[in-house]
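Structure first, commentary second.
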Amino acid sequence: MGGQANPAGAAAVARSRVASQRAGLAAHLGLRDSVFASPAERRLAAAVEEGLVAVESLLAEQLSFTDPIADATSRYLFEAGGKRVRPALALLTAQLGDGNTDGVLAAAQAIELTHLASLYHDDVMDEAERRRGVPSAHVAWSNSVAIITGDLLFARAAKLIAGLGEAVTKLQSDTFERLCLGQLHEMLGPQEGEDPIEHYLQVIADKTGSLIATSAHLGALLSNAPREFEEPLTVFGEKIGVAFQLVDDVIDLSDGDTGKDPGTDIRAGVVTLPMLYLRRAAETDEDAAALLERLLRGADTDPCTPLPDFDGAIAELRDHEVTRRAIEEAHRWAREGVAALAALPEGPVRRALTVFAENLVSRSS
Ligand code: GRG
């Protein structure tokens with residue numbers, strides 16, 4: 001893989017775009033909506049925002065390496081942007097206990113570092129050209145540098161987690177295992193006799209739902225919230241995580257400001273729900289079969305080669321009934337997640353978690 005001339009320059013451009021996003025991370029996640037009118041709700045939003053600002057600056061320290069190459073490559077995707085969904089969720093559930101404790105702040109960083117590490121690896125495997133509005137790390141440097149950078153970030157996450165005790169270390173290890181298994185099963189596809197849609201839903205529960213579930217769980221655990229909140233929050237996190245990934249599948253088709261090229265996943269041969277529905281429709285519908293063929297022709301081609309027909313096919317898929325059904329499915333998972341919150345007391349945190357879930361599924365980037 002060739003090196004990119006000026007990855008630092010690309011990151012600087014993205015940084016200025018992200019700086020404006022950073023002004024009010026909680027607002028970005030819907031936690032400053034006008035519905036948060038009461039003093040208790042405003043205090044909650046302020047606490048989460050304060051936590052996010054702290055996590056942001058602690059992460060910048062975590063991503064500092066004395067080795068100048070490691071320093072540059074590990075900061076690269078962090079500085080390029082990202083929504084910080086997982087730390088925000090951990091901080092939010094922490095408000096059911098003692099709030100932004102040191103343990104919660106450490107876990108929020110470790111979770112974001114794990115997520116970041118997985119993005120470096122994922123982009124190599126998917127041969128994705130862009131991430132967070134900049135060339136992917138493997139494009140900017142090389143596959144090997146991107147993989148090692150992911151490993152470095154994971155090492156830093158492990159160190160933070162080790163300070164949180166054995167139970168948290170085990171939870172993080174189980175989550176890491178699920179991330180890897182989700183990725184592996186995605187690459188291998190459904191086995192003989194396995195339903196492709198069931199297989200896919202398990203893949204996304206593992207590769208996306210698991211870390212979001214752990215975020216919700218650790219926020220409660222490390223803020224000493226009542227133990228009985230942990231299970232419903234874990235279920236909530238896993239279900240909204242699946243919903244989040246289903247929305248991501250649809251965002252992959254978008255030609256808006258997503259930081260990625262439209263159809264990146266499909267072109268890389270990554271399975272998505274609209275494609276699975278289209279495959280099923282193609283068994284009985286000629287138009288669906290023709291569209292599927294055009295999309296499959298675009299997969300397995302060099303991602304740098306322009307393919308006007310593929311772009312047109314992506315636009316058709318975007319407006320297709322199968323994509324509408326995928327969006328409905330995302331909303332169904334989000335509703336199930338919110339239903340799990342019935343086990344929590346009524347109040348500003350439960351209300352904020354509901355708004356958080358709604359924002360995750362109605363997002364466009
Ligand atoms: C090295 C930890 C590690 C894992 C290796 C590569 C891998 C195993 C697993 C893949 C996990 C993965 C990348 C899942 C996709 C999750 C996802 C929805 C990513 C996009 O998340 P956003 O939208 O991204 O939160 P931002 O950029 O906003 O942070």
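Start at 1 with the first residue, then count along the sequence. Atoms within each ligand, like the ligands themselves, are counted from 1 in listed order.
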Can you name the atoms of ligand 1, numbered from 1 with element, that are less than 4.0 Å from a heavy atom of R132?
26 (P), 27 (O), 29 (O)
Does a side-chain heavy-atom distance below 4.5 Å link V55 with R84?
no
What's the verdict on side-chain contact (heavy atoms from CB on, under 4.5 Å) for L63 and E79, showing C-alpha distance, side-chain angles and the deciding distance?
CA-CA 10 Å; L63 292 168; E79 291 182 348; over 6 Å; no
SB check D174 R178 (cutoff 4.0 Å):
no
Please lay out, stage by stage, how W333 and F244 fare under the test ring pair (Phe, Tyr, Trp, His ring centres under 6.0 Å).
CA-CA 9 Å; W333 279 86; F244 181 71; over 10 Å; no
Which atoms of ligand 1 sit under 4.0 Å from any heavy atom of G82?
26 (P), 27 (O), 28 (O), 29 (O)
Can you check whether S118 has an N/O within less than 3.5 Å of an N/O in ligand 1?
no
Using 4.0 Å as the upper bound for N to carboxylate O, is an ion pair formed by D123 and R132?
no
Atoms in ligand 1 flagged as close to F176, the criterion being non-hydrogen separation under 4.0 Å
1 (C), 2 (C), 3 (C), 4 (C)
Counting heavy atoms only, which of T208, D248, D249, L116 comes nearest to atom 15 (C) of ligand 1?
T208
Using heavy-atom distances, let me know which of K207, H115, Q183, Q245 sits nearest atom 14 (C) of ligand 1.
K207
Decide side-chain contact (heavy atoms from CB on, under 4.5 Å) for L233 and L341; before the verdict, give the C-alpha distance in whole Å, the side-chain angles of both, and the deciding distance to 0.1 Å.
CA-CA 7 Å; L233 285 171; L341 299 178; 4.2 Å; yes
Do the side chains of D255 and R318 get close enough for a salt bridge, i.e. N-O under 4.0 angstrom?
yes
Thinking salt bridges, do R325 and E329 make one under a 4.0 Å N-O criterion?
no
F244 near ligand 1 by a heavy-atom separation under 4.0 Å
yes
Under 4.0 Å to a heavy atom of T114 - the qualifying atoms of ligand 1, by number
2 (C)
So for ligand 1, is R86 a polar contact partner (N or O within less than 3.5 Å, distance only)?
yes
Taking a cutoff of less than 4.0 Å between a non-hydrogen atom of the residue and any ligand atom, is R84 in contact with ligand 1?
no
Any atoms of ligand 1 less than 4.0 Å from a non-hydrogen atom of M125? List them with their elements.
6 (C)
